[in-house]
Structure formats: C-alpha cells, structure tokens
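Owing to the predicted nature of the structure, the values given are computational and were not obtained by experimental measurement.
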Amino acid sequence: MKYFKLLLVPILFITLLTGKIYASSSSYSVNYNILYNISRDGETNVTYNISLTNLTSTDYASSYSLSIPNTDISNLSVTDSYGNPLNYTDNVSKGITTIVTNFSSVVYGYGTSQNWVISYKTSQIALVHGKLTNIVIPGFVNNAIYGSITTTINIPDSLGNVNFSSPVNPQITKENGYYSVFYNSSQSYTPLGILLSIGDYQNYAFKFNYKLENTDIFNTQIFKIVIPADFSTQEVTFSKIQPTPTKTYIDGDGNYILEYLLSPRQTVNVSINGEAQVYSTYGQLNNPLPQTLSLSQSEVNVLTSTQPYWQVSSSSIKALAQKIIKGDTTVLQKAQSINNYVSSTLKYNDKAILDSTRQRLGALKALSEPDNAICQEYADLFVTLARADGIPSRMLAGYGDPPTVNVNPLPSNILHAWAQFFDPSYGWVSVDPTWQSTSGGLDFFGNVGSTHFVIARYGESSINPPLILSFVKEKNPQNNINIEATSNAFNPNPNFIPSVTNAPDLISGITNELKVKIDNTGNQVLTGVSVSLNAQNKNLQIGKIDLSHEAIFPGESEYVYIPIKMGSFFANGSETVQIKVSFENYQKQIITKNVMTLLTFKQIFLSGIVPWVLVLILIIISIIISDIILKLKVGENKRRWTENNYYRIKNKKVPPTNSTQE
C-alpha cells in the first residue's frame, strides 16, 4: 500500500514558507493574494501580492523574509505595487529558497502599509503524472500573522477537469481557455497546503504474475484468481491472460474470477497483463442524484451483515456506532462522522507492513490495538461501524496512487484497502480513512479522484475472493504485481465475431435450433451481451433465447441456441434472418425444406427431425413385434388344443351304439 505523510516532510517546508517579520508578531497584519499560472508543460509562473499593515504606532518593519520549499526558481523579481524594483537577497539552503525583501522606507505608524510583489518561474509546483497534472502547494503555519490568504490557480482547460482537490469545493470558473480555481482564506490558511489534480482520468498499466502450486499428491485443486473488473469508475483491457483458465465468471460483487484446475503436484505460472482507465468522482457530493437510488432488501441485508473481521452484531460495536453518529440525521452525515472517527482513532504502523507473519486484526481487535493499524484495519473498522448503523458498505482492495510527490518509499507487492458506503442520494461513495489519517487531515471523503484502482470488491464476503497478494510484505514472494500510472493511450477494443455454426437447412413445421457462436476477439470482458433474431417472414416463429454466460472473457467463445420454427410442414424456400448481438448485426440465410425433400440422413439428423422419426420407427416396430407375438401365441394355443383333443379322443372308450328302436 502506498501512502503519504504530508505531516512529516512538508510541515518543515510549511513552517519555513511562512514570511517572518523582523518586528513583534502581534503588531502587524499581512495579506497574501497568491497566483499560480500553470502552462500545459507544467511550468508555473508564481506571483505573491503581499500587503503588510502596521497595527501599532510604535513598532516598525524594514524588511520581510519569505522561505519557499523550492530550489527550482528562475526569473525572480521583487517590485513595489507600482512595478518599481525593490532590493532583495535570495539564498538557497537545504532545499529552501529564502527571499528577504528590503523596503525602500520603513513601515512606521499605525495604519501604514507596504505593498510589494514577488514573482518567479518554477517547474516544481505542477508535475505531470501519467494522464494527470498534480499541483502541490505548501500551506502556512498557524503561529504566523495573517490578515487573509487567497490562492488562485489558472490551468489550461486542455489539461482536463478538476480530478481531486483538498481542500474540497474551491470556486471554479472557466474563461478564455483556462480554468480558474479559487481557494478563499479559510481554505488557503492551512498547514496542509493545497493538493489539486487536473485531468479527466488516470491510466494504469499492470502486470500480475502468480505461481499456482498444487502440493497435494492425490487430489486435484481449484485455484481462484481475481483480476481487475469494469466498474462504474474504471474500465479495463487485457493484453494477456495465460494460460487459458479452466473457468471464468463474475461473482456477486461484480469481480472477475479466473479458475484453474491443477492436477496433483502440478505447478502453473499465470501471467496477466493489461491496462485500466480510472475516472474521477470529484464533485459527487455536491450533486445529489436527480432521483434517489435504492437497494433491494436482500442486498441491504447482505451489505449490513456480520462477516469475519466485521463484528457488526457485537454489542460494543453497536454502542460505539450509535455514539459516533449521535445527532446526525442523514446517511452522509453518519458516514462522515464514522470516517472522521476511524481516521483520528487508528494510527498507521509503518513497521507492520514489513511483518510477513502479521495477521489481519479485524474491527474489534483494531479498536483494542489502535496504534497497530494498516490500511486493512482502517477499512475493516469503517465498514463494520457503518454496517452497525444500518449503512450498506463494502471494502475495496487494489492500488493506491496518491496525488503528491511526497510518497513514502514502501515495498512493492503491497496492496491498498479503502471503503465505500451507499447513500440513496449519491449512490456508492468512496472514502479512504487511511490516507486521511496519514496525511494529517487531507480530505478523502467522497474525494479520491483517479488515485484508487480497484482489483477486488468485498461486500457479500469479507474474505472472498481471496487475494493472492497481501497488504503486508511476503516472506518469500512468489507472486508479484507491477502497477504504474502511464501516459500511454488507452485503447479498449470490445470486439467479437458472431457466426452460425450448425447447418442452414432446417425442417419446416418442426422446432429447430440455430447455434450462434460468439468469439471474443477483443481485449475486454464482454458483459450484458444480448442476442436477438428478426425475420420478415411472419410464419417464422422464434423461441426464447437463452444466454448461459453473463460474461465472455477475452479469447473465450460463447454458444447461444435460438429455437426457430417455420409454421407449415410443407413449406420450402429460404429466409434471411438478422441476428443482433448487442449492437452488432449479422445476417444469415436459412433454407427451409419439408420432410419429403430431405434426401440424406445427414440433413435429417442436423435438422432436428431425428427424434420424431425414431419415435415413429419405434412405434411401428412395437406394433409389428406385438402382432408377431400375438400370432405366435394364437398358433401355439391352437396346436396345443388340436393335439390335446386328438389324444383325448384316441384314448377314450366310446360306448357301442344301440340301433334297436322301442
């Protein structure tokens, strides 16, 4: 997991950035109007308009010192408000440039003021990172004296829209091909400074290498791998999935799952390469949905249920959750209170991620060991407390790419975890209490920009799908990932080829099946594939079309069976039908023949009439056999009767005949 601590390094810069007056601090008021004009290549023209006002009748100021955490400064200029040059000195030491302005006359007497302008160029304010331009502006310390501070950042609109901002909700206007982002005094007056990302999306390139090993000497085993999926905030392409999985499917949380069946003692190396484009949800909480969303009751039950590590039904968890949200009335307010509690209660343990034996704590244990948390504990505790308050929520795992250059170096192969909650007025909202904690308070509530690339979602289960990689460093890593932001173009290619694979000659009057094959020849997983068939002939009846797969992965094929029937038994001819697969049309000519025109067994067999013919033949054979059996039985009975009568007559004594008549 990558995280950042503006509190550790930039706070030094922030302290040194403060202008220091050579006089009593309470005697003066200083107003800053700071302007940053950023070009497309990232070069920035910085202008400080400074006004110093004396609040006493006894003190005076003759110079002013401004320290800037920047050594890449050129075209430095210091003038008064009329453009007249002022004397100054500048010194660079330990990454800090200190500019001391010497006033032409001392600022003496109550209400007297001095206005001056400091300007320079630098390439260290705006840094291009992949498809984003990240702007990092240090803040001001609390013990300095200021009347007001305003910050304006002008950015070419060709760089894209605001992707992320902390503080949130600056005033944004557009004019003459530029966005003007304005932060008022309360927003600018912060030791955390301003963090702003510009760009409509971020592109990521990823490579996953997994070693699957079945150590059992008798039994086969199924191994599951979760790969990045297409969600509402990201789109994914794959250039390599090798070897071909035994099975693929989408689970209940929308994750893409690959299954590999390994024989005893078999080892398989799986390689997955691809790219993703991640979109920003900036401004989501400023724009309620025109129509509220709702989850089904069964979905709510699942997304508020107790799971391993999420002890939602615990009495202590429920009591704490109620205490946290006391006084809150909306889902948004409750979720924000929970997020603030989690980010301020838990403390990130840098050493924990280096412990390969470390086990996941879960919500309850995280509360008992608040100084031993990593990102997973922050996410677990948020999800658990939100669910305890009846807020549907889930954990997400993937890659975190913070929008700042001040990223602490961490081992590779470590994933990041954050959370989402569902609000009927806004939909699913992402939060990152870990980053809010480690940054010292930057706002990542519903405000994560394009910095979070999702690999897996956990709503139905807290443990499935299993992650082959972990949130801590592995002792003997056999699996590895490589994810990085890239400026390469994102080229989705949702291509597929439909075809009819069975014979076109069909029997009229009998239900036949068209077998449609869909080959995914593109680089994206095809979901929501629809198949329809249309024909001009009204006598052609089309049955229900069944799609057995909800997704077709790259390199896979899906077969769809379409029942069709020509109404008349004696119809002959041909019909061109139009098969529509999603938005692609495919035409096929179908030849229909009646039974008398079928000349070969192959045609009969492929037409679907075989079962009927077999039934008829069986009936005829049954009748013939029954008739033969009946005749045989009758003949046998007659023979026996004749034979029995012959012997009875032969052996019987017949009395003599009396011919005398009385």
Approximate separation, where rounding is to 0.5 Å, of [X] [atom1] and [Y] [atom2]:
{"X": "Y64", "Y": "I99", "atom1": "OH", "atom2": "CD1", "value": "11.5 Å"}
{"X": "T101", "Y": "L52", "atom1": "OG1", "atom2": "CG", "value": "11.0 Å"}
{"X": "Q114", "Y": "N54", "atom1": "CD", "atom2": "CG", "value": "12.0 Å"}
{"X": "L35", "Y": "N37", "atom1": "CG", "atom2": "CG", "value": "4.0 Å"}
{"X": "I353", "Y": "Q376", "atom1": "CD1", "atom2": "CD", "value": "13.0 Å"}
{"X": "E377", "Y": "N372", "atom1": "CD", "atom2": "CG", "value": "7.0 Å"}

Would you call [X] and [Y] a side-chain contact if the rule is heavy atoms closer than 4.5 Å?
{"X": "I38", "Y": "I135", "answer": "yes"}
{"X": "I73", "Y": "Q124", "answer": "no"}
{"X": "Q436", "Y": "N340", "answer": "yes"}
{"X": "I324", "Y": "D389", "answer": "no"}
{"X": "L55", "Y": "S27", "answer": "no"}
{"X": "S62", "Y": "N102", "answer": "no"}
{"X": "I68", "Y": "Y120", "answer": "yes"}
{"X": "P433", "Y": "V431", "answer": "yes"}

Should we count CG of N87 as having more than 12 external heavy atoms under 6.0 Å?
-> no

Do other residues, nucleotides or ligands put more than 12 heavy atoms under 6.0 Å from K318 NZ?
-> yes

Out of L76, V46, L86, T47, which residue meets the side-chain contact (heavy atoms from CB on, under 4.5 Å) rule with I118?
-> L76

Quick one: does any side-chain atom of [X] pair with a main-chain N or O of [Y] as donor and acceptor, under 3.5 Å?
{"X": "Q202", "Y": "H129", "answer": "yes"}
{"X": "T44", "Y": "G42", "answer": "yes"}
{"X": "T345", "Y": "V342", "answer": "no"}
{"X": "D157", "Y": "Y179", "answer": "no"}
{"X": "T122", "Y": "D72", "answer": "yes"}
{"X": "Q284", "Y": "W428", "answer": "yes"}
{"X": "S185", "Y": "I149", "answer": "yes"}
{"X": "Y28", "Y": "A61", "answer": "yes"}
{"X": "N339", "Y": "A335", "answer": "no"}
{"X": "Q234", "Y": "A276", "answer": "no"}

Could you check whether the rings of F164 and F444 sit parallel, tilted or perpendicular, using 30° and 60° as the cut-offs?
-> parallel

Which of parallel (below 30°), tilted (30 to 60°) and perpendicular (above 60°) describes F453 and F206?
-> tilted

Heavy-atom closest pair, residues [X] and [Y]:
{"X": "I391", "Y": "F422", "answer": "CG2-O, 4.0 Å"}
{"X": "S430", "Y": "V448", "answer": "CB-CG2, 4.0 Å"}
{"X": "Y108", "Y": "D59", "answer": "CD1-O, 3.7 Å"}
{"X": "D80", "Y": "V117", "answer": "O-CG2, 4.4 Å"}
{"X": "P167", "Y": "I194", "answer": "CD-CG1, 4.1 Å"}
{"X": "W418", "Y": "A379", "answer": "O-CB, 3.6 Å"}

Can you check ring-ring contact (aromatic ring centres under 6.0 Å, His included) on Y279 and F231, steps first, answer last?
-> CA-CA 10 Å; Y279 309 103; F231 297 129; over 10 Å; no

Do S425 and T292 have side-chain atoms, one donor and one acceptor, less than 3.5 Å apart?
-> no

Just by distance, with hydrogens left out, do T112 and Y60 show a side-chain donor and acceptor under 3.5 Å apart?
-> no

Test applied, side-chain hydrogen bond (donor to acceptor under 3.5 Å, both in side chains); reference residue, N203; option that passes from K131, E275, Q277 | Q277

Check step by step if side chain to side chain contact (heavy atoms under 4.5 Å, CB included) holds for R40 and L159.
-> CA-CA 7 Å; R40 183 170 177 78; L159 294 178; 3.5 Å; yes

Decide yes or no on side chain to side chain contact (heavy atoms under 4.5 Å, CB included) for L367 and I317, but give the supporting numbers first.
-> CA-CA 10 Å; L367 287 171; I317 288 289; 3.8 Å; yes

Give the intermediate values and the outcome of side chain to side chain contact (heavy atoms under 4.5 Å, CB included) for residues T79 and W116.
-> CA-CA 6 Å; T79 66; W116 74 103; over 6 Å; no

So side chain to side chain donor-acceptor pair (under 3.5 Å) across residues 442-456, not counting sequence neighbours, yields N163-S450, D432-H452

Go through E369 and R358 one step at a time and tell me if the salt bridge (Lys or Arg N to Asp or Glu O under 4.0 Å) criterion holds.
-> CA-CA 13 Å; E369 301 179 22; R358 186 183 191 274; over 6 Å; no

